[in-house]
Amino acid sequence: MADLDALALAMPQTTKDVSDDGRRSYLVQGKLFCCHRGRRKDALDPQTGERLDDVLMFRVADLEIKELMLADDRSVFFTTPHFEGYPAVLLRIPDLEALDRDELHDLVAEAWLTRAQKRVAKAWLAEHEVADEPGGDPA
């Protein structure tokens, strides 16, 4: 979670909100791109049936990207009926360990790019020499 915090806050114009119970939300220009969800009836522990308390939500570019992420062999990304048709994936906090720092950076950056103003996103992409297309190759 410390890496997530550092990577998210390194993105331009990002702010962090922390709820009364310590859940973090990351926003760019007031638009949510990543958050720690509260317990919801749509995300249950498969063994106990209890509502999960450790779920992160990341925005993604589109539903095709979402499907690719959900097909990842590691099975770390998931969705729920609440997110059907919505460009976001869910990830349990303990599963952050399955991602290396570069993968987490990419996940955060892609989420941020979905919500950042176009001119700010273009400037960030140019500064980081990334093609101006989601999933693009370095320039």
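Every salt bridge (charged side-chain N to carboxylate O under 4.0 Å, His left out) that Asp54 has, sequence neighbours left out, goes to Arg92. By the ring pair (Phe, Tyr, Trp, His ring centres under 6.0 Å) test, Phe78 is found to be paired with no residue, residues two or more places apart in sequence or in another chain being considered.
Side chain of Trp112 to backbone of Pro12: a donor-acceptor contact under 3.5 angstrom is found. At least one donor-acceptor pair under 3.5 Å links the side chain of Arg24 to the backbone N or O of Met1.
At least one side-chain heavy atom of Leu90 sits less than 4.5 Å from a side-chain heavy atom of Arg37. Here the side chains of Leu91 and Leu99 are in contact, with some heavy-atom distance below 4.5 Å.
Residue pairs satisfying the salt bridge (Lys or Arg N to Asp or Glu O under 4.0 Å) criterion with at least one member in residues 78-87, sequence neighbours excluded, are absent. Residue pairs satisfying the salt bridge (Lys or Arg N to Asp or Glu O under 4.0 Å) criterion with at least one member in residues 10-20, sequence neighbours excluded, are listed as follows: Asp5-Lys16. Pairs engaging residues 98-109 under the salt bridge (Lys or Arg N to Asp or Glu O under 4.0 Å) rule: Asp3-Arg101, Arg74-Glu103 [sequence neighbours left out]. The list of ring-ring contact (aromatic ring centres under 6.0 Å, His included) pairs with a residue in residues 86-108, not counting sequence neighbours, reads Phe83-Tyr86.
Rounding to the nearest 0.5 angstrom, the gap separating the CZ atom in Phe33 from the CE atom in Met57 is 10.0 Å. Taking OG1 of Thr79 as the reference point, atom CD of Glu67 lies at 8.0 Å (rounded to 0.5 Å). Here Phe77 contributes atom CZ and Leu68 contributes atom CG; the two are 11.5 Å apart, rounded to the nearest 0.5 Å. The line from CZ of Arg59 to SG of Cys35 is 11.0 Å long, rounded to the nearest 0.5 Å. In this structure, the separation between CD on Glu110 and CE on Met69 is 8.5 Å, given to the nearest 0.5 Å. Interatomic distance, CD of Gln13 versus CD of Gln29, reported as 4.0 Å (0.5 Å rounding).
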**OP:** Just do the side chain to side chain contact (heavy atoms under 4.5 Å, CB included) check on Thr80 and Val55 with the steps written out, would you?
**Re:** CA-CA 11 Å; Thr80 65; Val55 177; over 6 Å; no
Original post:
Given Lys122 and Gln117, is the side chain to side chain contact (heavy atoms under 4.5 Å, CB included) satisfied, shown in steps?
Top reply: CA-CA 9 Å; Lys122 282 184 182 234; Gln117 290 179 336; over 6 Å; no
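Residues Val76 and Ala98 come closest through the heavy atom pair CG1-CB, 3.6 Å.
By the rule that hydrophobic residues join a cluster once side-chain heavy atoms approach within less than 4.5 Å of another member, Leu63 and Leu113 end up as members of separate clusters.
Of the residues listed (Leu107, Leu4, Asp95, Val89), the one engaging Leu56 in a side chain to side chain contact (heavy atoms under 4.5 Å, CB included) is Leu4, and it is the only one.
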